[in-house]
Structures are given as C-alpha cells and as structure tokens.
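For reference, positions follow the sequence shown, starting with 1. Values reported hereafter were calculated over all heavy atoms of this structure, with side chains retained and with hydrogens, waters and symmetry mates removed.
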Amino acid sequence: MRQDADAGRRDLIFLDESGFAPTMPTGYTWSRIGQRAVVPREDTKNRRINVLGAQISGTVPDLLRQRTCGKADGAVLLEFVSTSIAGLPGGANALEPAADGLGVEAIPVWERARPCTVVLDNASAHTARAVKGRRQQPAKIGVELFYLPPRSPELNDIELVWRHAKHRDYPQRAQPSTEALGQAIDRAMLRQRDRIRGTALACAQTARQPRSPQLFSGVPILRPG
C-alpha cells in the first residue's frame, strides 16, 4: 500500500479519533523557589470535544480533521469518510446511489478523483454496522477500508499526530470554555498539518536538487612484505 501511495497510484489514509478535555493531563510544571506550583483545572462535565482525523500519506501528504461535541459513533465516522475523504457531494446520504448507481445498469455514478485506502483500528465506531457493514459501498467509489490487526496502534501513523497535538502543540493545559477548547484544538491540529505539509515539501525540494559528485579519499593498499 505504501509503495502505491509513494508512486501516486492511490492515497494511503490513516483514520482515527481522539478526545480533548477542558483540563488535559499535566506531566510536569515548575515554580519559583519557595512557591507552590498551581495547576489550573476546569470542570470537564459535558465539555469534551472529539476530533476525527485523517492523515494522508503519498505524493500529497495532508491532515484532515473535524471537531464534534457529541459522540463520534459510526454514523459520524461514515459522514466524515463520505464528505471529507471521499469528497462525495451529499455526504453519507448520497453514498448508496453514488455506489450502487441508478436504473437497470446499477453502475457507480461517482468516484473519488484518486482511489484511496483508509486504515482503521478495531474501535467500536469503526466496526459498527453503519461503517463496516457498508464497506462495499465506499469501495465502489474508490475508498477502500482496511482494518488493522487487534491491539496494534503502532501500525496507525496518526497516533503520533495525536501524541504531538496533545502535548508538544498544546501548551495551555486548561481551557476556561468550550470555545477556547475548540480554538486550542484547532491551533494544535493546524501545527500538525503544517508540519506534515512542510516535511513533504522539503523532501520534494531535496529530491529535485542535482546531486554533486562524491569525493572519496584514497585508501592505502597494504602489500605483503
């Protein structure tokens, strides 16, 4: 799959969701000598925001995201796949006619510009009937769902995105309101997206640069006496 993505034949997309609370865990802090460190804490009840993320690997790396204050269940996931990943006009509601076609011919009436493989773990939202039970329909429009083996998060590249977004790019650990929490999430995810795009651009520019001839120093040859 990675070879096809690197060659531009299809996109390889790592999909997952993660939750952000008004008070995120604090691993360490500091204070002046003789002063007690104070870590702010906000009420987390009904103020959690879930984020759907899709990291695109291949010739055009990118990071797609969507915030939701509700539960990220199978229906929400399928809508995200249909709208943000597939780019299907009408979203999940248009998935069945787009995949199964209309009339006697019953051929797909819409396809993604470039076929893709979406990599998912076995979370309950991913294996719900609304998603896994309809996986043939996204496949018909160029979106193949590929499920990882159980208990293998290290195989999902987007896990590293969540780690950086929740720690390195999320310096203020407590947010006083849901609006402030959403803005902090957007800033963290935008930094991740820019980093992914910037790394891809730097690699492309390096690949286009002509290679200078390498010089090798002479190596003495030992002859038997």
Side-chain angles (χ1 to χ4, degrees), residues 11-31 36-58 60-81 83-85 118-128 131 145-203:
D11 288 332
L12 181 60
I13 303 176
F14 296 89
L15 173 65
D16 200 8
E17 62 278 338
S18 188
F20 291 75
T23 300
M24 299 292 285
T26 301
Y28 64 92
T29 186
W30 63 274
S31 66
R36 177 178 296 180
V38 178
V39 179
R41 185 183 184 280
E42 297 290 338
D43 183 18
T44 60
K45 185 177 181 181
N46 298 325
R47 292 175 56 194
R48 179 185 176 93
I49 294 180
N50 294 313
V51 181
L52 292 164
Q55 181 181 354
I56 303 177
S57 300
V60 188
D62 205 347
L63 179 64
L64 309 177
R65 74 188 190 283
Q66 175 184 311
R67 289 195 279 121
T68 175
C69 293
K71 184 178 180 181
D73 56 12
V76 174
L77 182 70
L78 184 64
E79 182 66 31
F80 179 72
V81 170
T83 304
S84 299
I85 295 179
V118 179
V119 180
L120 312 93
D121 59 24
N122 290 271
S124 58
H126 304 168
T127 58
V131 180
L145 302 183
F146 178 83
Y147 287 87
L148 293 170
R151 297 179 294 277
S152 56
E154 71 280 359
L155 299 179
N156 197 337
D157 288 5
I158 201 173
E159 292 294 344
L160 189 59
V161 171
W162 297 132
R163 180 180 177 182
H164 289 164
K166 288 187 171 184
H167 294 87
R168 182 172 64 180
D169 294 329
Y170 201 93
Q172 185 175 337
R173 310 305 289 171
Q175 305 297 332
S177 65
T178 303
E179 181 181 0
L181 175 59
Q183 293 174 352
I185 293 172
D186 287 342
R187 288 193 296 268
M189 296 301 289
L190 282 173
R191 292 190 186 103
Q192 287 297 304
R193 186 200 66 182
D194 293 343
R195 193 171 292 122
I196 290 172
R197 291 179 177 180
T199 300
L201 180 60
C203 291

When rounded to the nearest 0.5 angstrom, what distance separates CD1 in Ile158 from CZ in Arg163? 15.5 Å
Before you tell me yes or no, could you show the steps for Asp62 and Val60 under side chain to side chain contact (heavy atoms under 4.5 Å, CB included), namely the whole-Å CA-CA distance, both residues' side-chain angles and the distance that decides it to 0.1 Å? CA-CA 6 Å; Asp62 205 347; Val60 188; 5.6 Å; no
With side chain to side chain contact (heavy atoms under 4.5 Å, CB included) as the test, would you mind laying out the steps for Gln66 and Leu64 before giving the verdict? CA-CA 7 Å; Gln66 175 184 311; Leu64 309 177; over 6 Å; no
Hey, does Ile56 have a side-chain heavy atom less than 4.5 Å from the side chain of Pro61? no
Where Pro153 and Glu159 come nearest, the two heavy atoms and their spacing: O-CG, 3.4 Å
Audit row: Thr178, Arg47, side chain to side chain contact (heavy atoms under 4.5 Å, CB included) steps and yes/no: CA-CA 6 Å; Thr178 303; Arg47 292 175 56 194; 4.1 Å; yes
Contact summary for Trp30 and Ala37, nearest pair of heavy atoms: O-CB, 4.3 Å
Say you draw a straight line from CG of Asn156 to CG of Leu148; how long is it, rounded to the nearest 0.5 Å? 5.5 Å
Checking the side chain of Arg191 only, and the main-chain atoms of Asp169 only, is there a donor and an acceptor separated by less than 3.5 Å? yes
Might you point out which heavy atoms bring Leu52 and Ala72 nearest each other, and give the distance in Å? CD2-CB, 4.4 Å
What is the distance from atom CD1 of Ile13 to atom CG of Leu120, rounded to the nearest 0.5 Å? 10.0 Å
Any non-hydrogen side-chain atom of Arg48 less than 4.5 Å from a side-chain atom of Leu181? no
Which pair of heavy atoms, one from Ile196 and one from Leu63, lies closest together, and at what distance? CD1-CB, 4.0 Å
Where Glu17 and Ala123 come nearest, the two heavy atoms and their spacing: OE2-CB, 4.2 Å
Heavy-atom distance under 4.5 Å between the side chains of Trp162 and Met189, does that happen here? yes
Out of curiosity, Leu77 CG to Ser124 OG, how far, rounded to the nearest 0.5 Å? 10.5 Å
With a 4.5 Å cut-off on side-chain heavy atoms, are Pro176 and Glu42 touching? yes
Does any N or O in the side chain of Tyr147 come within less than 3.5 Å of the main-chain N or O of His126, such that one atom is a donor and the other an acceptor? yes
In short, Asn50 meets Gly70 closest at the heavy-atom pair ND2-O, 3.0 Å
Just wondering, more than 12 heavy atoms not from Arg168 lying within 6.0 Å of its CZ? yes
Are any of the side-chain heavy atoms of Phe80 and Thr68 separated by less than 4.5 Å? no
Any Lys71 side-chain heavy atom under 4.5 Å of Val76 side chain: no
Are any of the side-chain heavy atoms of Leu155 and Pro149 separated by less than 4.5 Å? yes
Between Asp11 and Ile85, is any pair of side-chain heavy atoms under 4.5 Å apart? no
Look at atom CD of Glu179 and say whether more than 12 heavy atoms of other residues, nucleotides or ligands are closer to it than 6.0 Å. no
Apply the test side chain to side chain contact (heavy atoms under 4.5 Å, CB included) to residues Asp16 and Val161: give CA-CA distance (whole Å), side-chain angles for both, the deciding distance (0.1 Å), then the verdict. CA-CA 10 Å; Asp16 200 8; Val161 171; over 6 Å; no
If you measure from CD on Gln175 to CE on Met24, what distance do you get to the nearest 0.5 Å? 9.5 Å
